[in-house]
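Beneath this line is the structure, given in structure tokens, with notes to follow.
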There are 2 protein chains.
Amino acid sequence: MTVTIYDVAREARVSMATVSRVVNGNHNVKPQTRDKVNEVIKKLNYRPNAVARGLASKRTTTVGVIIPDISNVYYSQLARGLEDIATMYKYHTIISNSDNDPQKEKEIFNNLLSKQVDGIIFLGGTISEEIKEIINKSSVPVVVSGTNGKDDGIASVNIDFKAAAEKTTQHLIDKGAKTFAFVGGEYSKKAQEEVLMGLKNVLSQHQLTLDDDHIYNGNETYKDGIKAFEALKKYKPDAILSISDEQAIGLVYAAHDVGVEVPESLQIISFNNTRLVEMVRPQLSSVIQPLYDIGAVGMRLLTKYMNEEDIEEPNVILPHRVEYRGTTK
Amino acid sequence: MTVTIYDVAREARVSMATVSRVVNGNHNVKPQTRDKVNEVIKKLNYRPNAVARGLASKRTTTVGVIIPDISNVYYSQLARGLEDIATMYKYHTIISNSDNDPQKEKEIFNNLLSKQVDGIIFLGGTISEEIKEIINKSSVPVVVSGTNGKDDGIASVNIDFKAAAEKTTQHLIDKGAKTFAFVGGEYSKKAQEEVLMGLKNVLSQHQLTLDDDHIYNGNETYKDGIKAFEALKKYKPDAILSISDEQAIGLVYAAHDVGVEVPESLQIISFNNTRLVEMVRPQLSSVIQPLYDIGAVGMRLLTKYMNEEDIEEPNVILPHRVEYRGTTK
DNA sequence: GTGAAAGCGCTAACAC
DNA sequence: GTGTTAGCGCTTTCAC
């Protein structure tokens, strides 16, 4: 019924080994033989069974992707970058949503290993102790995209959030901001730490401080941004740094609704730069994270590990830019 | 090195078959034996090899997903629904981006088959003749989510766009609209046809017509929405139906920028209802497509096919609602 | 340049 | 309830 390598071999009057060589582009085949085999392959409509190949060769050309939420704009852009490079290198991707839940992350990791993936890309703003350990013990290479894994000894690709925060903070101060606030969530712990560090650094250089009450932690959605503004407005901040675009958009509209003018009385800047930024008025000023590239470079790095190529630098920092659009002066 | 079923069998002093039974939850095992085997499994940290299992059983518990663009908000919400149900039924999903390119769709389809997936979910607004044929000849079940496959004899899950268009058109006419326009793209061909049919139906009931010049076809992005407005403004439409949210948002802002007031002089309604709708001001009136559910129900339907359960209805129509927010009177 | 044959790790009859 | 055994479809030595 299903045509196998054996059928092709018989029909082409060669051995299975030869067919295998042809299919895998091995050079040690006489052109004449190769042509004959290819002809039979076409005639019989032979399609190699990747599962059998995986079992015999111990390589599945499949990588696993652990992602918090594929319906989140930020992560889906990373995923697209990942996927394109995977396809380019002939890998397939098995994608599973973790909701940032360490327990689920662990389960997914084990399931991926049982599927014999050749490597794993981990997305998620926080690397829990348990996951860190699992990654470090993993039998296949793992790369983290969008989060810095350097301190945990994990290969990673991301941007320098601290530098970005310093740059934007300086800009906001130059434009007259004195009272700052920060809006984030629990998903992007690492990035958040870096941003807060950069923010506080520059603030202290100007004899300014960030009160703990001015830090809001939520769930990084649009609605949560509205809540964040409600919580922060009593402090009358004149500049807010927001980790996520969705939250920032919530801030913009919540401010607008109570008559706080953006950017005149309140400047807002976000650290995501998803395609949402230009779909708001005023358009959102933001740190341009090259999301697609962060995914793409992460996958490229993983292919290097999987093919045992030389790795110059396991912790890649991609350049960022700050785009001052309508929500800053 | 890697622990196999054989190692477990030897250590537990039983046969491989028994270990296999325990691992697969087969009931014909004495509780005592079961416990012993489970103990050894834990002790040896045995993890079944899904690839070997796939080869032997001819079931991979993996489904393929062909998706136009995972970074598109509309599709990523479908994908999340899909994935959750797949996980619930213990399937993994291999996701590949097609960019709506029939050639790529075909390649992906073949690659998925060679990976021996148990079923395939196809997402894409258009089902080309070639793909239709491939699906109908497929050795594994295929379900289309978000597009009606009924005419093509393909199992599908979506909403009734024609009815939705009729309802919204009537509403707009009730609110005084006389000159209509339509903005769509080439990606959602099927839905678009249905919407246009419904629109024209109701229009003709009111002795109104939709001029062909009033139909704009683009690429369903925010920027394209701006272009669409540029192209249509000379006709001074007082109501625009838009297939995609992103395009609709472009329309809103383009209108705003030239002083056309929404919804006072121009009403806009979109057919997507992604999470974008509330992130604009005024908030977008839209047909509520239950995106998550369309994905989820599609995957559920696929599991029925894969398990050879009875199918009551291969072409599921999910209910929709119209939410009149800020861009309609 | 090509073939023979031994697995890869598991499932699924079938026998007992 | 449990064991034996023959594959699943391919890759990969090792000969020749």
Side-chain angles (χ1 to χ4, degrees), chain A residues 1-38 40-41 44-62 90 110-111 113-118 139-140, chain B residues 1-38 40-41 44-62 90 110-111 113-118 139-140:
Chain A
M1 209 201 71
T2 59
V3 5
T4 72
I5 199 171
Y6 177 75
D7 300 321
V8 176
R10 187 163 30 80
E11 186 81 12
R13 297 173 185 288
V14 296
S15 70
M16 290 161 56
T18 300
V19 179
S20 176
R21 288 190 188 98
V22 172
V23 169
N24 293 298
N26 187 314
H27 276 262
N28 294 330
V29 185
K30 213 189 332 178
Q32 205 174 327
T33 319
R34 173 185 308 279
D35 291 346
K36 190 170 60 180
V37 170
N38 276 325
V40 175
I41 285 178
L44 264 44
N45 195 21
Y46 167 67
R47 181 189 295 124
N49 181 324
V51 173
R53 176 182 287 176
L55 184 57
S57 69
K58 298 183 169 304
R59 297 190 67 244
T60 55
T61 60
T62 303
K90 310 279 186 207
N110 283 322
N111 286 335
L113 290 182
S114 102
K115 288 261 177 178
Q116 314 299 118
V117 294
D118 295 335
S139 49
V140 300
Chain B
M1 208 201 69
T2 60
V3 183
T4 74
I5 199 170
Y6 178 75
D7 300 321
V8 177
R10 186 163 31 78
E11 185 80 9
R13 299 174 183 287
V14 297
S15 70
M16 288 161 58
T18 299
V19 178
S20 177
R21 288 188 188 101
V22 171
V23 168
N24 292 298
N26 187 315
H27 274 264
N28 294 330
V29 185
K30 214 195 318 183
Q32 206 175 328
T33 318
R34 174 186 309 280
D35 291 347
K36 189 170 60 183
V37 170
N38 276 325
V40 175
I41 286 178
L44 264 47
N45 195 19
Y46 167 67
R47 180 189 294 124
N49 180 324
V51 173
R53 175 183 286 176
L55 183 58
S57 69
K58 299 184 168 302
R59 297 189 68 243
T60 54
T61 59
T62 303
K90 310 278 185 208
N110 282 324
N111 286 335
L113 290 182
S114 100
K115 287 263 179 178
Q116 314 301 117
V117 294
D118 296 336
S139 50
V140 300

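Order of the sequence lines sets the chain letters (A, B, ...), proteins ahead of strands, with each chain counted from 1.
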_Nearest 0.5 Å, please: how far is OG1 in A:Thr2 from CG in A:Leu44?_
11.0 Å
*Looking at OG1 of A:Thr60 and CD of A:Gln116, how far apart are the two atoms once the value is rounded to the nearest 0.5 Å?*
7.5 Å
*asked:* At a heavy-atom distance below 4.0 Å, which nucleotide of DNA chain D is the first touched by chain B, and which is the last?
replied: D:dG1 to D:dG9
_Rounded (10°) bend between the five-pair end axes of the helix from C:dG1-D:dC16 to C:dC16-D:dG1_ = 30°
For [X] and [N], give me the distance from atom [atom1] to atom [atom2], rounded to whole Å.
X: B:Asn26; N: C:dA13; atom1: CG; atom2: P; value: 12 Å
X: A:Leu55; N: C:dT11; atom1: CG; atom2: C1'; value: 12 Å
X: B:Ile5; N: C:dC8; atom1: CD1; atom2: C1'; value: 14 Å
X: B:Ile41; N: C:dC10; atom1: CD1; atom2: C1'; value: 13 Å
X: B:Arg59; N: C:dC10; atom1: CZ; atom2: C1'; value: 15 Å
X: B:Asn49; N: C:dC8; atom1: CG; atom2: C1'; value: 8 Å
X: B:Asn24; N: C:dC10; atom1: CG; atom2: C1'; value: 9 Å
X: A:Arg10; N: C:dA4; atom1: CZ; atom2: C1'; value: 17 Å

*Compare side-chain N and O positions of B:Thr4 against OP1 and OP2 of C:dG9 and report whether any pair is under 4.0 Å apart.*
no
*Along DNA chain D (nearest heavy atom to each residue), the more 5'-positioned of B:Lys58 and B:Lys30*: B:Lys30
*Could you pick out which residue, B:Thr18 or B:Ser57, lies toward the 5' side of DNA chain D when each is mapped onto its nearest nucleotide?*
B:Thr18
*Start at the 5' end of DNA chain C and walk down; is the nucleotide closest to B:Arg21 or to B:Pro48 reached first?*
B:Pro48
*Could you pick out which residue, A:Pro31 or B:Ala17, lies toward the 5' side of DNA chain C when each is mapped onto its nearest nucleotide?*
A:Pro31
*Looking only at heavy atoms, what is the nearest atom pair of B:Ala9 and B:Ser15, with distance?*
CB-C, 3.7 Å
*Between B:Met16 and B:Ile5, what is the shortest heavy-atom contact and its length?*
O-CD1, 3.7 Å
Return all side-chain donor-acceptor pairs below 3.5 angstrom for residues 50-58 of chain B, not counting sequence neighbours, or 'none' if the list is empty.
| unit_1 | atom_1 | unit_2 | atom_2 | d |
| --- | --- | --- | --- | --- |
| B:Ser57 | OG | B:Arg53 | O | 2.8 |
| B:Ser57 | OG | B:Arg59 | N | 3.3 |
| B:Ser57 | OG | B:Arg59 | O | 3.3 |

*Test side-chain contact (heavy atoms from CB on, under 4.5 Å) on A:Arg47 and B:Leu113 and set out the steps.*
CA-CA 8 Å; A:Arg47 181 189 295 124; B:Leu113 290 182; 3.7 Å; yes
*With no hydrogens and no angle check, do the side chains of A:Arg21 and A:Asn28 hold a donor and an acceptor under 3.5 Å apart?*
no
_Would B:Val19 and B:Val14 count as a side-chain contact (heavy atoms from CB on, under 4.5 Å) here? Give the steps._
CA-CA 7 Å; B:Val19 178; B:Val14 297; 3.8 Å; yes
*Backbone of B:Gln32 reached by a side-chain donor or acceptor of B:Asp35 within 3.5 Å*: no
*Tell me what A:Val14 touches on the nucleic acid: a base, only sugar-phosphate, or nothing, going by heavy atoms under 4.0 Å.*
sugar-phosphate
